[in-house]
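Read through the structure below, which is laid out as structure tokens, and then see the notes.
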Amino acid sequence: HREELQQKPFPYARAMLAASVVLTVALAYFATNAGFDYDSRSLMATNNPALKLREEIRDRFQISSDPVGIYTRDLDETKALYDHLESMRTSEGSLIESIVSINRLVPPQEKQKANQEYLKQLDVILTEVDPSLLEQEQKGASEQLKYAMPYLRVEPYTIDDVPEWILWQLKPVPESGVEGWMTYLYPRTTLWDSRELLQFADQIDRVDVGEKTYYSAGAAVLMAKVAGYVLDDGKFLTLLAAGLIFIILLESFRRFSAAL
């Protein structure tokens with residue numbers, strides 16, 4: 001009885017084969033117009049307040065509201081990382097807009113002393129200006145300049161002079177129990193385009209400085225990894241589906257040529 005069932009022809013085989021061919025050709029035609037949606041906003045709910053805030057920050061300040069953080073254990077590592085990132089930022093094709101680090105807030109003493117000499121010269125020049133020689137519309141600016149003059153006489157400072165309310169923003173949260181410093185990277189634009197998102201993540205996901213390697217963390221890196229998984233899994237799942245369909249056909253027709 002089993003042999004008779006195996007030899008019995010498949011009912012409506014030609015009609016189903018013809019319909020399958022027509023359907024496959026039609027789907028293949030429309031598939032050529034399909035593409036991957038690189039806009040990350042498509043994954044978010046509409047009228048999202050956080051999304052609107054990010055758009056407002058981008059439009060007003062032309063900068064992303066989602067920085068990426070890199071942890072270093074001490075000031076020496078932070079300085080070496082900052083110098084390396086600064087060279088990356090100024091290189092061609094870099095998507096790094098700005099770097100927020102303790103080294104940016106506290107410039108080297110040599111640079112501070114050079115700036116101090118320039119400020120002293122500017123102070124002398126402005127002090128010698130006689131307000132009575134200024135025109136009426138310039139006297140208002142002269143009055144405002146009096147409030148700026150003390151800033152021309154500032155002295156070089158160190159990290160110990162930075163207010164604590166600024167320093168805590170560049171340190172790990174106290175609950176972590178970890179000592180060290182955080183360096184924040186801001187991309188050039190809001191990375192809604194997944195292609196730019198992947199490019200930015202490739203640049204800063206892993207940073208090698210000498211013999212040490214630092215890893216970044218943040219929403220941009222996380223979204224880039226998710227986008228990468230979607231692209232990679234899409235190819236894998238397509239091949240997997242084709243393989244499963246072939247196995248089903250092979251099991252149904254019992255012949256390799258028929259399954260093809």
Side-chain angles (χ1 to χ4, degrees), residues 57 60-131 134 138 140-174 176 178-189 200 203-204 206-218 220:
I57 293 176
R60 289 179 178 269
F61 304 105
Q62 296 299 313
I63 193 173
S64 173
S65 59
D66 298 311
V68 171
I70 301 179
Y71 166 76
T72 47
R73 291 175 295 182
D74 51 47
L75 290 174
D76 292 335
E77 289 188 8
T78 306
K79 177 65 167 58
L81 175 65
Y82 173 78
D83 293 340
H84 181 78
L85 292 175
E86 186 64 22
S87 64
M88 291 177 55
R89 185 186 69 84
T90 56
S91 62
E92 184 178 358
S94 174
L95 289 178
I96 302 176
E97 173 66 24
S98 61
I99 305 170
V100 178
S101 169
I102 187 63
N103 295 97
R104 180 173 288 273
L105 298 179
V106 184
Q109 291 296 310
E110 298 79 9
K111 186 175 182 179
Q112 291 193 51
K113 292 178 180 180
N115 292 337
Q116 185 184 28
E117 292 299 323
Y118 174 77
L119 293 176
K120 287 181 178 179
Q121 296 176 12
L122 187 60
D123 184 20
V124 172
I125 294 174
L126 294 177
T127 304
E128 293 176 351
V129 175
D130 188 356
L134 300 176
Q138 295 176 331
S142 177
E143 291 296 325
Q144 297 178 2
L145 188 59
K146 293 180 180 179
Y147 297 99
M149 293 298 290
Y151 295 101
L152 300 177
R153 306 182 181 99
V154 294
E155 297 292 331
Y157 64 97
T158 64
I159 188 175
D160 296 329
D161 301 316
V162 180
E164 185 60 32
W165 67 271
I166 295 180
L167 291 179
W168 74 264
Q169 300 180 61
L170 299 174
K171 294 182 178 181
V173 294
S176 66
V178 177
E179 297 293 333
W181 298 91
M182 297 297 300
T183 299
Y184 297 102
L185 309 177
Y186 286 85
R188 295 192 182 279
T189 59
F200 177 70
Q203 293 177 2
I204 53 85
R206 172 176 172 169
V207 182
D208 295 320
V209 183
E211 298 180 353
K212 296 182 179 179
T213 300
Y214 302 95
Y215 296 92
S216 60

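Positions are given from 1, in the same order as the sequence printed here.
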- Query: Going by heavy atoms in the side chains, are I159 and L167 under 4.5 Å from each other?
  - Reply: yes

- Qualifying residues under side-chain contact (heavy atoms from CB on, under 4.5 Å), relative to Q116, sequence neighbours excluded: K120, E155, P156

- Query: When you measure from the side chain of S216 to the backbone N and O of V68, does any donor-acceptor pair fall under 3.5 Å?
  - Reply: no

- Message: My understanding is that only residues two or more places apart in sequence, or in another chain, count here; which of them pass side chain to side chain donor-acceptor pair (under 3.5 Å) with T72?
- Response: T78

- Spacing of CD belonging to Q121 relative to CG belonging to L152, to within rounding of 0.5 Å: 12.0 Å

- Quick one: closest heavy-atom pair of D123 and T127, and the distance? O-OG1, 2.6 Å

- Take E86 and I96 through the side-chain contact (heavy atoms from CB on, under 4.5 Å) test and state the conclusion after the steps. CA-CA 9 Å; E86 186 64 22; I96 302 176; over 6 Å; no

- Task: Quick one: list whatever passes side chain to side chain donor-acceptor pair (under 3.5 Å) with K79, sequence neighbours left out.
- Result: D83

- Query: Which pair of heavy atoms, one from R73 and one from E77, lies closest together, and at what distance?
  - Reply: NH2-OE2, 2.8 Å

- Query: Is the CD atom of E179 crowded by more than 12 outside heavy atoms at less than 6.0 Å?
  - Reply: no

- Between S94 and T90, is there a donor-acceptor pair closer than 3.5 Å when you use the side chain of the first and the backbone of the second? no

- Task: State, to 0.1 Å, how close L95 and Q203 come at their nearest heavy-atom pair, and which atoms those are.
- Result: N-OE1, 3.1 Å

- Output for pair (L75 CG, S101 OG), nearest 0.5 Å, gives 9.0 Å

- Item | Shortest non-hydrogen separation from I166 to L105 and the atoms involved | CG2-CD1, 3.6 Å

- Might you point out which heavy atoms bring Y82 and I99 nearest each other, and give the distance in Å? CD1-CG2, 3.8 Å

- Query: Under the salt bridge (charged side-chain N to carboxylate O under 4.0 Å, His left out) test, which residues partner D208, sequence neighbours left out?
  - Reply: R206

- Item | Euclidean distance, N103 CG relative to L81 CG, rounded to 0.5 Å | 9.0 Å

- Query: Hey, does the side chain of N115 reach the backbone of K111 with a donor-acceptor pair shorter than 3.5 angstrom?
  - Reply: yes

- Item | Heavy-atom donor-acceptor pair, E117 side chain to K113 backbone, under 3.5 Å | no

- Let me see the working for L185 and R89 under side-chain contact (heavy atoms from CB on, under 4.5 Å), right down to the final yes or no. CA-CA 10 Å; L185 309 177; R89 185 186 69 84; over 6 Å; no

- Got a sec, which residues hit salt bridge (charged side-chain N to carboxylate O under 4.0 Å, His left out) with K171, two or more places apart in sequence or on another chain? none

- Student check: side-chain heavy atoms of V178 and Y71 closer than 4.5 Å: yes

- Item | With Y184 via side-chain contact (heavy atoms from CB on, under 4.5 Å) - residues at least two apart | P67, V100, L170, M182, Y186

- Non-hydrogen atoms of P172 and G180 that approach each other most closely: CD-O, 3.3 Å

